[in-house]
Amino acid sequence: MNAPIDHDVLEKQNGLVPFNLADFYKTGHPGMYPAGLDMLVANFTPRSAKYAPVLPQLFDGKVVWLGQQGWIQEFVIDLFGKRFFDVPKAKAVRKFKRRMDTALGPDAVSTAKLEALHDLGYLPLEIRALPEGSRVNIKVPPIIFIARGEHSWLATYFETLFSCENWKPSTVATIAFEFRKLLTYFARLTGAPEDFVSWQGHDFSMRGMSGVHDAMRCGLGHLLSFTGTDTIPAIDYAEDFYGADADKELIGGSIPATEHSVMTLRILRVLAALKRKRGNEIFTEKQMRCVAEQEVIRELVTEDYPEGMISIVADSFDFWNTITVVARELKDEILARRPNALGQCKVVFRPDSGDPVKILTGYRNDELMCDDDGQPVVDEEGKYVTCGRAGMGRRITAAERKGAVECLWDIYGGTGTDKGFKVLDSHVGLIYGDSITLERGVRILRRLADKGFASNNVVFGIGSYTYNMVSRDTFGFALKAIYAEVGGESIEIYKDPATDDGTKKSAKGLVCVRRVDDDYVLYDRQDPTVFDTGSLKPIFRDGKLVRTTTLAQMRNRLAMSWECPEPGSIDWTGIMP
Ligand SMILES: O=P(O)(O)OC[C@H]1O[C@H](OP(=O)(O)OP(=O)(O)O)[C@H](O)[C@@H]1O
């Protein structure tokens, strides 16, 4: 017979402890606030973009706001409900007390305030916010926290948990939207279909994010701007917390795709068989590996996936052989593939190493050693020489000089957009997902346009190199107290450090955020009557979500928030060509 479950042991091992989700110093603050504190208001604000990895030509100083609704439901309602309010009081405070006692000293932190909350039975907190999917200017708070009476301390106690969970989804959603802007601009510039932009940024980031929860919430940030994703739980999260329904709408999707384990295993297996069969023939290992890779890709595009989309990672051994020899040898098979039920039929080649700009777009003449007439010098083997930092660089093949898009064009040809840019035949395409940044993105798209290719010849995999190489300082998110009432006296709180450049100067007093034309504008030092107006609307009050939004609404808000600049109007000076 199984031993009975010891719930105390289980409790010790598992689960988040609601009031422990804070910095230690937060636990001392309720007692440090003045006696008679009767109201406390705090705001959470993106304060700076000076460290943001955005393109100055496209970034308009606005941050995409995302995260509050899921956070409120998951933490404030579900977690605090299940593990604080719905358990007996003694048990609800026990783990908090144990942690305080063992870390800060016996009875260093009183549990009286938690017990009073437990007696009340809900979190007496009001959260007012802008709708998620809105874009908010730097220095304008998209959310404020209000707490009153003996529980006023709650307004700032939640800082750690809120900031920890929310700075990043907004940060990633903002960067994803900057990719969307970039791809939209180049679609207009080159006449590529704009509905394809939703598939042109594909979320590759999950494996490199800081845990599952981070991946799915940031993955939702990506989904506000794109439908292409490999982060499965981001779609679950959209359904669980943002009213999305995959049966009724397109939340996110992907296509069948190989990875290196598949390619290398199959290639090396075929290679071993080839060696057994043709062991006496005079082929180098490299030549036989190329033959083996061709056979594997043939199987993939004709037998495993004779129709629809299939993405093939193509750099396991020799990408340039794959994109020139294999792509040419299998041309008839690839052109004969059938469309799937959605009418799609494409073999997508995926380079995954090297410099993405050069791999996709090749080398320009000014990046090669040239003769006096400005023509690239070709050696006896037909190779070109790149310009290195100190004179001659690498010797490269004609294929490398052209880049993958042009190599495929030479084999498959294609069509043209109404703006005269070339689009690869619909049976082939390219996706690149290794170390793609906004800056590399603009370089790739510009160079393709310069060569006469439309933007929709490539899809970008956006990975953790971009979505996880950010910090709270990327947009300077912070929560600050701005107003208090103590014993009937109103105090407008603010900070303005003389030792700072102004970034840390906070709003002061009661705030109101109003929509003025296309911007949200902050007005601080407002009267209580004005404080209750404007665009910061109550979304949570006394334990309940009182206003909700959906993925579809967020996507719509975001899409409506930006006008694409006129094609050709952007000056890319400052970004390497
Ligand atoms: O921006 P990132 O988080 O790097 O995500 C994208 C990369 O992740 C995968 O490779 P992986 O790193 O697993 O293996 P690899 O380095 O050997 O290609 C994928 O092939 C991309 O290259």
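What you see is a predicted model, and the numbers here were worked out from it, not measured in a lab. Each ligand, and each atom within it, is numbered from 1 in the order the structure gives.
You'll find the side chain of Ile444 stays beyond 4.5 Å of the side chain of Tyr432, heavy atoms only.
Taking the six-membered ring for Trp, Tyr384 and Tyr363 have ring centres at least 6.0 Å apart.
Comment: Arg266 engages Asp304 in a salt bridge, judged by a side-chain N to carboxylate O separation of less than 4.0 angstrom. Look at Arg135 and Asp60 and you find a salt bridge, because one of the NZ, NE, NH1 or NH2 atoms lies within 4.0 Å of a carboxylate O, short of that distance.
Residues satisfying the side-chain hydrogen bond (donor to acceptor under 3.5 Å, both in side chains) criterion with Ser471, sequence neighbours excluded, are absent altogether.
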N/O to N/O under 3.5 Å, ligand 1 against protein:
| residue | atom | partner | partner atom | Å |
| --- | --- | --- | --- | --- |
| ligand 1 | 1 (O) | Ser464 | N | 3.1 |
| ligand 1 | 1 (O) | Tyr465 | N | 2.9 |
| ligand 1 | 3 (O) | Ser464 | N | 2.9 |
| ligand 1 | 3 (O) | Ser464 | OG | 2.2 |
| ligand 1 | 13 (O) | Arg207 | NH1 | 2.7 |
| ligand 1 | 18 (O) | Asp352 | OD2 | 2.8 |
| ligand 1 | 20 (O) | Arg350 | NH1 | 2.9 |
| ligand 1 | 20 (O) | Asp352 | OD1 | 3.2 |
| ligand 1 | 20 (O) | Asp352 | OD2 | 2.8 |
| ligand 1 | 22 (O) | Asp352 | OD1 | 2.6 |
| ligand 1 | 22 (O) | Asp352 | OD2 | 3.4 |
| ligand 1 | 22 (O) | Asp434 | OD1 | 3.2 |

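No more than 12 heavy atoms of other residues, nucleotides or ligands lie within 6.0 Å of CZ in Arg472, so this atom counts as exposed by the packing criterion.
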